[in-house]
Number of protein chains: 2
Amino acid sequence: MFSADQIADIQGFNKVYQNLLKQIDSAILETGYTLTEKDVLLEISKTERCTANILIQQLNIDRSYMSRMIAKFEKHGLIEKTLSQTDSRIRYIRLTELGHKEINRLADIQNNHISAIFNKLNDTDQNNVWQAMVMIRNKLSEANDVITIRPFAQSDIEYVISRHKTLYYAERHLSGTFSAYVDEIVYNFVEKYNDRTDCLKILECNGVPAGSIAIAKVNKDTAQLRFFMLEPEMRQRGFGNRLMDMALDFCRNKGYKTVFLLTITAQIVARHVYETHGFHKVASYDKSEWGNGVIEERWELEI
Amino acid sequence: MFSADQIADIQGFNKVYQNLLKQIDSAILETGYTLTEKDVLLEISKTERCTANILIQQLNIDRSYMSRMIAKFEKHGLIEKTLSQTDSRIRYIRLTELGHKEINRLADIQNNHISAIFNKLNDTDQNNVWQAMVMIRNKLSEANDVITIRPFAQSDIEYVISRHKTLYYAERHLSGTFSAYVDEIVYNFVEKYNDRTDCLKILECNGVPAGSIAIAKVNKDTAQLRFFMLEPEMRQRGFGNRLMDMALDFCRNKGYKTVFLLTITAQIVARHVYETHGFHKVASYDKSEWGNGVIEERWELEI
DNA sequence: GACAATTAGTTGACTCAGTCAATTATAACA
DNA sequence: TGTTATAATTGACTGAGTCAACTAATTGTC
């Protein structure tokens, strides 16, 4: 239990830090973009196959407001809209060259501001402050984030495809061939999805999707683990293991004898989760069509 | 120099913490008060002899906006305005009973929210996070606050009186007799103020007054140190010593042989500054008319 | 296969915090 | 005594964000 003095200290911290955040914010505002606009642009840049609806869910923004913002971005040449071939209600949003330039500019401003603030500290202080921040962040997230794991809904399909691709793209530089492959397997999976044999769980952090895992029936005894993914900020906090536990429980309940998964060599963090759950590598295949030197691995677990 | 990864960590911290601040803010907003209104009410409650102008300066708020806010507070019975006897442009603002109740309610909401967030941590984590916050706060303030020490202007008179009284009141529970005494001595001091023999410096933090110190001539050889004051958040950061250095330099330059000051026994922090600058206690008088058991002390320094 | 219910996105009308500029009333200055 | 500065108010406005109604396409169901 905190004393009144300690709470006063925290209020003091809040005041100082709020001030600092305001400084960064006002630097952004000088560019002519709203903070919300900045967030939206950033989210678009982070999202493959982005739609207005994904943005609305991910950022908790009013639909009408979003619609107008997107219209404005289009008018200013920051984004391009393309109609979906499969569902003509949906318009995909993609950053243009100019859009990328602008979001980079905004990110630079933010980074430079942070650098400027922290470079006034000497090296030891910089290090101490940084470590303290990481510690606080982890402790507070751990204690306050509302985490739920729920079955997938139709609206999650776009999320799973989009984020799966984005995260692999961003972190592993995979090619367009991989992208088409993901589209196909996700749509195939959802189409054939059967409650009794398959499973697709969505991890939500504070009401926003932040990870996924799936089990797909291959035959009576064999299941494939798929779409295992965690947003970067959710990693190293045990959620990977929790998702994996749920998926393997599902497999045990359904009587599968073997679970396998396909992954690429570079996915080091995920490998660790696989290993701790008893998976072992049984084969590897060259997949250079997905990117230079990419090797796909097959891991298996006997239940 | 920070690495890109470290900056990303800090961005992550900012995001998490901004979110947390937003939560607290939205709890305040639920009461029907704007965040700005909350700040203004708080500042009114902290300020003796409060005027709209003090609030404008202290909080950097537009005059018209402030005027309307104050009108609203008055209409809702949170404050009372009284015309100044000496300057009929000035209207003094004082919280009513209801106003105090409301500001306490707001403060409680904020404190409870903070408590709720931190009580989810275990004791060690609570302690670590608290210490880390205090450390970050100090380092960042140290590095980023813009501190200036400047001669006083007419507009500072109200500040010096108001804060001097408020801080003594709040921290030492002094009586109304003391209050009248401060009014008198400040007005006397300013009236008789002479650039060549007297000195009144204002410490500013980010453009906002945050402390003061003064030297008043008593006779050719003797000066009195007065109005030595620091806002709580500015203490323990060396500003007391800096102000004291400036004041004593002034005394040396003007050829004073003796500097004395009057203080009350309870002012432990200030005593330390006095001692390190060579002052020693020469007498003490009973001042129970200022409050129960208050003892005034006279300290002197031979230059 | 038709009709109800959903979902993606748009449009209209509005709210309300905050700003800019002009005005009144008093005090200070020279 | 007229000019300048200051305290406070009033008027007219901006612009981020909200609420609700609407269109158009899709899905679910009997």
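Letters go in sequence order (proteins before strands), and every chain restarts at 1.
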Open item on the list: If you go through the side-chain atoms of Arg89(A), does one of them form a donor-acceptor pair with the base of dT26(D) closer than 3.5 Å?
Closed with: no

Open item on the list: Is the shortest side-chain heavy-atom distance between Ile61(B) and Met69(B) below 4.5 Å?
Closed with: yes

- [ ] Let me know which of Asn60(B), Thr148(B), Asp145(B) forms a side-chain hydrogen bond (donor to acceptor under 3.5 Å, both in side chains) with Asn206(B).
- [x] Asp145(B)

TODO: Ignoring backbone atoms, establish whether Lys81(A) has a side-chain N or O less than 4.0 Å from OP1 or OP2 of dT10(C).
DONE: yes

TODO: Check whether any side-chain heavy atom of Ile93(A) sits under 4.5 Å from a side-chain heavy atom of Glu80(A), and report yes or no.
DONE: no

TODO: Measure from OH on Tyr92(A) to P on dA8(C) and round the result to the nearest Å.
DONE: 11 Å

Open item on the list: Just N and O in the side chain of Ser88(A): are any of them under 4.0 Å from OP1 or OP2 of dA24(D)?
Closed with: no

TODO: Taking the side chain as every heavy atom from C-beta outward, state whether Met229(A) and Val160(A) have any atom pair closer than 4.5 Å.
DONE: no

- [ ] Just compare dA8(D), dG9(C), dT26(C) and give me whichever is closest to any side-chain atom of Thr51(B).
- [x] dA8(D)

Open item on the list: Can you confirm whether the side chains of Ser64(A) and Asp62(A) place a donor and an acceptor under 3.5 Å from each other?
Closed with: yes

Task: ring pair (Phe, Tyr, Trp, His ring centres under 6.0 Å) evaluation trace for Phe227(A) with Phe152(A) - done: CA-CA 12 Å; Phe227(A) 313 132; Phe152(A) 89 108; 9.8 Å; no

TODO: Using whole Å, report how far CG of Leu35(B) lies from C1' of dC16(C).
DONE: 14 Å

Open item on the list: What's the separation between atom OG1 in Thr51(A) and atom CZ in Arg89(A), rounded to the nearest 0.5 Å?
Closed with: 11.0 Å

Open item on the list: Measure CD/Gln85(A) against P/dT26(D) and give the value in whole Å, please.
Closed with: 12 Å

TODO: Take the protein atom CD of Glu37(A) and the nucleotide atom C1' of dG15(D), then report the distance between them rounded to whole Å.
DONE: 11 Å

Task: Atom-to-atom span, CG of Leu83(B) to C1' of dA25(C) - whole angstrom - done: 11 Å

Task: Nearest-Å distance for atom pair CZ/P, residues Arg49(A) and dA8(C) - done: 14 Å

Open item on the list: Nearest whole Å is fine: how far is dT23(D) C1' from Ile90(A) CD1?
Closed with: 16 Å

Open item on the list: Tell me the interatomic distance from Ile56(B), atom CD1, to dT19(C), atom P, rounded to whole angstroms.
Closed with: 12 Å

Open item on the list: Under 4.0 Å, heavy atom to any atom of DNA chain C: which of residues 59-73 of chain B qualify?
Closed with: Asp62(B), Ser64(B), Tyr65(B), Arg68(B)

